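Reviewing the structure listed below.
Given the structure is predicted, the values throughout are model-derived calculations rather than measurements. Protein chains get the first letters and strands the later ones, always in sequence-line order, with residue 1 at the start of each.
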Amino acid sequence: MKRFFVTTPIYYLNGAPHLGHYYSTTIADILARYHRKNGAGAFFLTGTDEHGQKVAEKASLVGLSPQAFTDELSTEWKSTWQNLDISYDHFIRTTDDYHTAFAQEVIHRLRENGAIYEKEYDALYCVGSESFVSKSELREGGLCPDHDEEPQIVNEKNWFFKLTDYKDQVRRLIETDVLEIKPQSRKNEVLEMLRSPDIQDFSVTRERVTWGIPVPFDENQTIYVWIDALFNYMSALIHSQGIETSERDIQDIIKDITDIWAPDVQILGKDIVKFHAIYWPAFLLALGLNETQLPKKLLVHGFFVSGGRKMSKSLGNIVTPQSVSAEYDQIIGASRGNDVLRYYVVIEMMIGNDGDVTPERIQEVYQSDLVNKIGNTYQRVLGMARKYDLLTTRMAPEKQEKLAQAIQHKSQAYMNQQDLYGYVHYCLDLTGEIGRGIELVKPWELAKNGQDDELKYHLSKWLTALEIIADLWEPIMPASAIEMKSLLAGNQGMLFPRIS
RNA sequence: CGCGGGAUGGAGCAGUUUGGUAGCUCGUCGGGCUCAUAACCCGAAGGUCCCAGGUUCAAGUCCUGGUCCCGCAACCA
């Protein structure tokens, strides 16, 4: 059976992780955890994108070599994810030796397959920003949008990728959902792009970018960062599985990784749709993969704003995952604060739309959902179980099994669509059903009237249900799911304490 | 006509792909309960689904035109 392969973008190393990165990574983490528990296993890949002129500039600003700079930052990223209990299976750095070697092999093979060609062209180059600008970006008077100076025309010879040879095929794959793009609006957007004349052959090597992977057959050039970046999804997998690639046909290599390749779901933000939906499949086809070996689904999400405004340092409305997590660690009194944020981002942001995040909203959701609904329901049932000495009672195994299957069947339908919002609401509904059941049954009256058998019957049902629900919560709130089970096993404690 | 996102009861949001009684959370009001974290349950009020046309037996949902907000300036997913 093939393992579920989920990826996040690799994050560009020009700063510390923020909420947006956290969101992508957490969605991937939830999917991975779910499939490890309920499916044929998972392979969860994340990492850092370390090449490019911007990184080199930033490094020199702080007086470090690019390598030393990225060593430091990528370590920080890695430890951030580890502290937030992100269960990645592999963390790739694009400066890793195996990756640079693979990227070189990729461009070499693209050349052998006739997918790239040399071309001389005139480009506009702004000295002030040390970057190329396109004509459409120019301000009135032909000035660089950032520097108010006139860009110079430079002549460069680069290697160009024959995107025009593949765009029709890619469009058909997207139209027929062989390559699925979610949500629908993003799919439409990509199809629109593919019809536009702007989608042309483009340069995949650079002369002026020195902090990059050298083109093996052209010593003046480095590989365009997007070839470098996108192929992380493949190089990381190949490396992690210990597969040898040199002197081997691409189909032959694929054979060795079919238990994981191709990606089932690739998480990405709306700003990098074009690269993942158009360039990436085109590159893979050019490399010699067939249509069934392409990524299955791109899940495109929106951005977070805070209080309706874009988060910015000057507005002082930045919400960082580390601070929220630490704040709720204090409140809960265990290292489960991160679960609160995990829950929040899932419930707040429909995948695809922008989401709003403020400390007030997080607190509101914590109080109403986690404290009043979930925490309180566990407390109610456990309180009665203790009082009536029925803590260890459960439904008969075969009945338990039946109930679990019915619940898993429904929850699975949501998860297979990556509908985390629907999944969480289903979990909440189940919890609410128990609450309403208690009102209906009135166990306290049963106890008063000495109807012990009936009391035991209902409590066994609720306790069993809570155990099954704890399993459902595990991908969303891993640490809290463990606490739920510990409480059900008879340990004392409070799941989600109220904020006083 | 640069590109994209949005407009649904007081607030925040689902629902629009595949048209068919307008739904959720919070808030408000009334009632109930006591197993529980002043939690929980029941009920009620509150909506021209931005506007104007159109298609249809039927439109929040499809079509046409318009209005108003918000991103595209790197702390960018």
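Ranking C41(B), C26(B), A39(B) by closeness to the Ser368(A) side chain, first place goes to C26(B). For Trp444(A), counting side-chain heavy atoms from C-beta on, the closest listed nucleotide (U34(B), A38(B), A77(B)) is U34(B). Minimum atom distance to the side chain of Tyr421(A) is reached by C13(B), of the listed C13(B), G5(B), A77(B). Taking the side chain of His425(A) as heavy atoms from C-beta on, and the options C26(B), C76(B), C24(B), the nearest nucleotide is C24(B).
Taking the P atoms as reference points, G66(B) lies 26 Å from A58(B), given to the whole Å. Comparing the P positions of G71(B) and G10(B) gives an interatomic distance of 25 Å, to the nearest angstrom. Only the P atoms considered, C63(B) is 11 Å distant from G19(B), to the nearest whole Å. Separating the C1' atom of C62(B) from that of G43(B) is a span of 38 Å, rounded to the nearest Å. Taking the C1' atom of each, A77(B) and A7(B) are spaced 25 Å apart, rounded to whole Å. Between the P atoms of C29(B) and U34(B), the separation comes to 24 Å (whole Å). Here the separation of G23(B) from U64(B), taken at their C1' atoms, is 30 Å to the nearest Å. The C1' atoms of C13(B) and G47(B) are separated by 15 Å, rounded to the nearest whole Å.
Using a 4.0 Å heavy-atom cutoff across all strands shown, Ile438(A) reaches at least one base atom of the nucleic acid. Residue His18(A) is classed as a base contact, given a heavy-atom separation below 4.0 Å to a base. If you check every strand for non-hydrogen atoms under 4.0 Å, Lys387(A) touches sugar and phosphate atoms only. Among the protein residues, Lys187(A) comes within range of no part of the nucleic acid, since none of its heavy atoms lies under 4.0 Å from any strand. The residue Gly20(A) sits close to a base: some heavy atom pair falls under 4.0 Å. Note on Tyr22(A): nothing from the nucleic acid sits closer than 4.0 angstrom, heavy atoms only.
When the shell of 6.0 Å around OH of Tyr457(A) is examined, it contains 12 or fewer heavy atoms from other residues, nucleotides or ligands. Heavy-atom neighbours of Asp429(A) CG from other residues, nucleotides or ligands within 6.0 Å: above the threshold of 12.
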- Dump the intermediate steps for side chain to side chain donor-acceptor pair (under 3.5 Å) on Thr48(A) and Glu50(A), then the final yes or no. CA-CA 6 Å; Thr48(A) 46; Glu50(A) 310 192 357; 2.7 Å; yes
- Candidate pair Trp211(A) and Thr95(A), rule side chain to side chain contact (heavy atoms under 4.5 Å, CB included), full reasoning: CA-CA 10 Å; Trp211(A) 178 239; Thr95(A) 52; 3.8 Å; yes
- Would you please test Glu467(A) and Arg394(A) for salt bridge (charged side-chain N to carboxylate O under 4.0 Å, His left out) and show each step? CA-CA 10 Å; Glu467(A) 232 157 35; Arg394(A) 295 292 185 274; 3.0 Å; yes
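Remark: P of U25(B) and OH of Tyr344(A) are 17 Å apart, rounded to the nearest angstrom. Atom pair Tyr366(A):OH and G12(B):P shows a separation of 25 Å (rounding to whole Å applied). Going from atom OH of Tyr414(A) over to atom P of G15(B) covers 12 Å, rounded to whole Å. Rounded to whole Å, the distance from NZ on Lys270(A) to P on A74(B) is 16 Å. Spacing between atom CG of Asp429(A) and atom C1' of G23(B) amounts to 12 Å, rounded to whole angstrom units. Between Tyr378(A) atom OH and A39(B) atom C1' the separation is 17 Å, expressed in whole Å. At whole-Å resolution of the value, CZ in Arg436(A) and P in C42(B) are 6 Å apart. Spacing between atom CG of Asn372(A) and atom C1' of C41(B) amounts to 13 Å, rounded to whole angstrom units.
Taking a cutoff of 4.0 Å between a charged side-chain nitrogen and a carboxylate oxygen, Asp29(A) and Arg33(A) qualify as a salt bridge. Note on Glu364(A) versus Arg361(A): salt bridge recorded, some NZ/NE/NH1/NH2 to OD/OE distance being below 4.0 Å.
At least one side-chain nitrogen or oxygen of Arg498(A) sits closer than 4.0 Å to the OP1 or OP2 atom of A39(B). For the OP1/OP2 pair of C26(B) and a distance below 4.0 Å, the side-chain nitrogens and oxygens of Lys373(A) include at least one atom meeting the criterion. The shortest distance between the side-chain N/O atoms of His301(A) and the OP1/OP2 oxygens of A77(B) is not below 4.0 Å.
If you find the closest nucleotide of RNA chain B to Arg361(A) and to Thr377(A), the one lying nearer the 5' end belongs to Arg361(A). Mapping Val381(A) and Trp77(A) onto RNA chain B by nearest heavy atom places Val381(A) closer to the 5' end of the strand.
Ring pair Phe275(A)/Tyr279(A) is perpendicular by interplanar angle, where above 60° counts as perpendicular and below 30° as parallel.
With ring centers used as reference points, His458(A) lies 6.0 Å or more from Tyr388(A). Taking the six-membered ring wherever Trp is involved, the centroid distance between the rings of Trp81(A) and Phe91(A) does not fall below 6.0 Å.
A search for side-chain hydrogen bond (donor to acceptor under 3.5 Å, both in side chains) contacts involving Asn232(A) returns nothing, not counting sequence neighbours.
Annotated stems with RNA chain B as a participant read B:2-7 with B:67-72, B:10-13 with B:23-26, B:28-32 with B:40-44, B:50-54 with B:62-66, given as range with range, by first number; only runs of 3 or more Watson-Crick or G-U pairs under 3.5 Å qualify.
Applying a 4.0 Å cut-off to non-hydrogen atoms, the residues of residues 271-279 of chain A that approach RNA chain B are Asp271(A), Ile272(A), listed by residue number.
Using modelled atom types, one finds a donor on one side chain and an acceptor on the other under 3.5 Å when comparing Arg336(A) with Ser480(A).
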